[in-house]
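Structure record follows, encoded as structure tokens.
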Amino acid sequence: MRAGILSRGFMAAAVVSFLAAPGLAGEGPEDALRTLYRIALSADMCGFPMQKRQADVLGKAMDKALVESGLDEDKAEALYRSVDTGLEAEGWDKVCAQKGEWARDYRAILAARTQ
């Protein structure tokens, strides 16, 4: 399964980092966490660029969203797997297309959340 590909180290850094930033606009903690997982998976699977500083911010935001969501480890892992499964269902070629809709959204969200 692709979910295991994302290293725990990156995940920990990403979680610690992205949570320092306030929640994503208009999203509850679980929805924000879903978006953050999608960003992390996209960076890993598509090779989308992310600077170390951005990964740190991403990680803090994930940590914050995890705490705020109240999800235990198993439920957080299930949410992560569902995001991974959803990305697979969309098709990695489409998700990873450098000029595709998600690539533009990825860059915009990452820039907005890690300034």
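Side-chain contact check for L79 versus E30: some heavy-atom pair is nearer than 4.5 Å.
A cation-pi arrangement is not found for R107 relative to W102, the charged atom failing to lie both closer than 6.0 Å to the ring centre and inside a 45° cone about the ring normal.
Using a distance-only test at 3.5 Å, with no hydrogens or angles considered, no donor-acceptor pair links the side chain of R38 to the main chain of V83.
In this structure, OG in S69 is found 10.5 Å from CG in D31, a value given to the nearest 0.5 Å. Distance CG/L66 to NZ/K75: 13.5 Å, rounded to 0.5 Å. The CG atom of D105 sits 10.0 Å away from the OG atom of S42 when rounded to the nearest 0.5 Å. How far CD of E68 is from CG of L33: 10.5 Å, rounded to the nearest 0.5 Å.
The nearest pair of heavy atoms linking A76 to L71 is N-CB, 4.1 Å.
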Worked check of side chain to side chain contact (heavy atoms under 4.5 Å, CB included) between Y37 and D84: CA-CA 8 Å; Y37 284 163; D84 181 53; over 6 Å; no
Intermediate values then yes/no, side chain to side chain contact (heavy atoms under 4.5 Å, CB included), E77 and R81: CA-CA 6 Å; E77 179 65 26; R81 283 192 309 267; 2.8 Å; yes
Worked check of side chain to side chain contact (heavy atoms under 4.5 Å, CB included) between M50 and L110: CA-CA 8 Å; M50 182 182 300; L110 191 63; 4.1 Å; yes
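For D72, the CG atom sits in a packed shell: over 12 heavy atoms of surrounding residues, nucleotides or ligands are nearer than 6.0 Å.
Ring planes of Y106 and F48: tilted class, angle from 30 to 60°.
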